[in-house]
Amino acid sequence: MPSSTSNDDDEGEAKNVSAAAAAKTRCVIFDLDGTLINTEAIVDDVVVSVVTRLLTKKKSSSSNSNLSDDVQREIFDAAEDARGQRPLDASMELCAALKLEKRAGVDPKTLLEMCSDTLRWGEEGMDAIPDMPGAMRLLRFLKEKKVPTALATSTSKEELRKKMKNSETGKTMLDYFDAICCGDEVKKGKPDPEIFHLARERLGVKRQDAGRCLVFEDTPHGVSAAKAAGCCCVAVPSLRREKFDMYKGADRVYHSLLDVELEDFGLPKFEDWRDVETVEFIADEGDERISTTTRKYERFLKLERFLELTGPVIRGFGRGSKMLGIPTANLDVVPLKQQIDKLAPGIYFGFAKLLGPNKSTGVHRTVMSIGYNPFFNDKRKSIEPWLLHTFDEDFYDETLSVLVVAYVRAECNFTTVDNLIERIKKDARVCEEAFDLGLVDGLDEWKDWFVL
Ligand code: ADP
Ligand code: RBF
Ligand code: MG
């Protein structure tokens, strides 16, 4: 089967899976924050607002940020770069990068205290921490296949307890691990390899077999630690795409946990991807008879939980119909942030209905991109459903409700517009075939949604 990104020239992702990794993986070790649970976005928000306040105060008495775009960008980048370390190490890096001692008279310990004051994980009023998309699917599958797993987190035991109390899955995620290693159990934090050595030892794997431990990490610091420990490392970056270069040390880089192909690491293959088959009719030369060939050409993954996204159709980037001949009825991401955080950026399909004057047109199949459209390198995330129906007129401002039922692939880059268009049309065929062949079950639970 061709890979789902066969016709793109995606950003040179590291694909140097070592010979050691090709041997059967004996255990899997996970980082927590940003890899299994989505704390990174929450932490970044807090760090950025605390540092902004500090630098603003020094400049003027006004409480509004008067920082230039450049300085704001500098803070944002520094917060991202410090990810994946123990809290005090991260704070030290931030203070150094932003020269906070000089600019705001703040030392790493004080900065950490200020941030921790706002970040009270276990407490009422904090938003529940969502799982990273695909995290529980992966943990459940490894458990089912009896693959030993460990958690190797920079978070301390006490913080871990608080975080899990406030996470979406509650403490149940921790039940999936055979060993748990916390930041306060080691002398040196990541990027030092110590915590990965500890996790490997707790799983009973000898040092000479470190290459048969597969590590999942989301930050460059974590990747460095895993590689220094001699492990095979898969990175699922939580940094923006333009920084993907920083993951060069990883054995493989994926866009999300949904894209991981465990069989490449000598582990059992996920069984929930469904193949879409299409029947190709080929006329034999000089022969009236038509011979048929069945050809597998794509796959999709039914979501564990379908997701409804509803809102008014807004103006997009103005290029769908014009440039691609494929109109997309954009939804505003801001009010839907919590819902779309549950989805990895990528290409999905499902159903769409309009709830205004176009209601009578009925429920339509739809394929959509949710993310940053790497071909156009968008800075803002967008939700772009292409309704597989021909409309007589535009329907801006009309309420659109989309039911997302399946994941098709990661977003990717293409060498030409024609390649992008061809791929989007293929996504549409995947959607049509999946529904034509009745490959998506579980729709009856949503039967009320289909009533207009
Ligand atoms: P924009 O960049 O503003 O989203 P597009 O070129 O993507 O513009 O066109 C999208 C608009 O076209 C939608 O907002 C909608 O009003 C209209 N439209 C017409 N037919 C369709 C369709 N089949 N799917 C999505 N939008 C459509
Ligand atoms: N844009 C990309 O840059 N990469 C993609 O892989 C991609 N896939 C898409 C798949 C579907 C089903 C749709 C509807 C759009 C996709 N686009 C992709 C988004 C396209 O760039 C977008 O619709 C235009 O930018 C219009 O704003
Ligand atoms: Mg659009």
Side-chain angles (χ1 to χ4, degrees), residues 10-36 40 80-86 89-90 92-93 132 135 138 142 147-155 177 179-183 185-257 259-267:
D10 219 346
E11 62 287 297
E13 291 165 23
K15 286 190 176 159
N16 52 321
V17 174
S18 59
K24 207 166 154 45
T25 296
R26 290 195 42 194
C27 65
V28 183
I29 305 175
F30 289 93
D31 167 58
L32 178 70
D33 294 274
T35 301
L36 294 176
E40 302 299 69
E80 254 195 18
D81 292 346
R83 282 179 179 182
Q85 303 176 77
R86 290 186 298 187
D89 296 340
M92 272 156 50
E93 185 173 319
M132 289 304 286
L138 177 53
L142 292 174
V147 179
T149 55
L151 186 68
T153 174
S154 304
T155 296
F177 300 104
I180 294 177
C181 306
C182 289
E185 296 182 83
V186 290
K187 286 197 204 73
K188 288 187 178 162
K190 299 175 193 173
D192 190 279
E194 192 181 344
I195 196 153
F196 288 115
H197 286 310
L198 182 66
R200 173 181 50 70
E201 280 160 18
R202 285 196 180 156
L203 290 176
V205 176
K206 295 212 177 71
R207 176 129 196 180
Q208 69 256 34
D209 281 336
R212 291 168 69 182
C213 300
L214 180 63
V215 171
F216 282 85
E217 264 291 349
D218 72 308
T219 66
H221 283 300
V223 171
S224 304
K227 289 314 294 174
C231 301
C232 179
C233 185
V234 158
V236 182
S238 62
L239 303 186
R240 281 164 295 129
R241 304 179 69 93
E242 62 258 40
K243 294 197 183 159
F244 269 26
D245 267 3
M246 295 169 73
Y247 293 91
K248 281 273 176 346
D251 294 280
R252 184 74 70 95
V253 181
Y254 290 107
H255 295 267
S256 82
L257 293 175
D259 301 315
V260 174
E261 299 190 298
L262 293 172
E263 66 275 23
D264 287 358
F265 303 93
L267 288 167

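Summarising the geometry, atom NE2 belonging to H221 is positioned 12.0 Å from atom CG belonging to D31; distances are rounded to the nearest 0.5 Å. Taking CG of L257 as the reference point, atom CZ of F30 lies at 7.5 Å (rounded to 0.5 Å). Expressed to the nearest 0.5 Å, how far CG of L32 lies from CD of E217 amounts to 10.5 Å. Atoms CZ and OG1, from F177 and T153 in turn, are 9.5 Å apart once rounded to the nearest 0.5 Å. Considering SG of C27 and CZ of R202, their distance stands at 13.5 Å, rounded to 0.5 Å. A distance of 9.0 Å separates CG in D218 from CG in L36, rounded to the nearest 0.5 Å.
Residues I195 and C181 share a closest heavy-atom pair of CD1-O, 3.8 Å. In this structure, Y247 and V223 approach most closely via the heavy-atom pair CD2-CG2, 4.1 Å. Smallest separation of non-hydrogen atoms from G204 and R26: O-NH2, 4.0 Å. The two atoms that bring M246 and D81 nearest to each other are CE-OD1, 4.5 Å, heavy atoms only. Across G211 and C232, no two heavy atoms sit closer than the pair O-CB, 3.9 Å. The shortest heavy-atom contact between Y254 and D259 is CE2-O, 3.3 Å.
Not one N or O on the side chain of K187 forms a donor-acceptor pair closer than 3.5 Å with the backbone of E194. A donor-acceptor pair is defined here as one N or O able to donate and one able to accept, closer than 3.5 Å; such a pair exists between the side chain of R200 and the backbone of V205.
Using modelled atom types and a 3.5 Å distance limit, the side chains of S154 and D33 yield no donor-acceptor pair.
Side-chain contact between L262 and L138: present, with at least one pair of heavy atoms (C-beta onward) separated by less than 4.5 Å. Looking only at side-chain heavy atoms (C-beta outward), K227 and D251 come within less than 4.5 Å of each other. Within the 4.5 Å cutoff, no side-chain heavy atoms of C213 are placed close to those of F196. Contact annotation: the side chain of T25 never approaches that of V147 to less than 4.5 Å [non-hydrogen atoms, C-beta and beyond].
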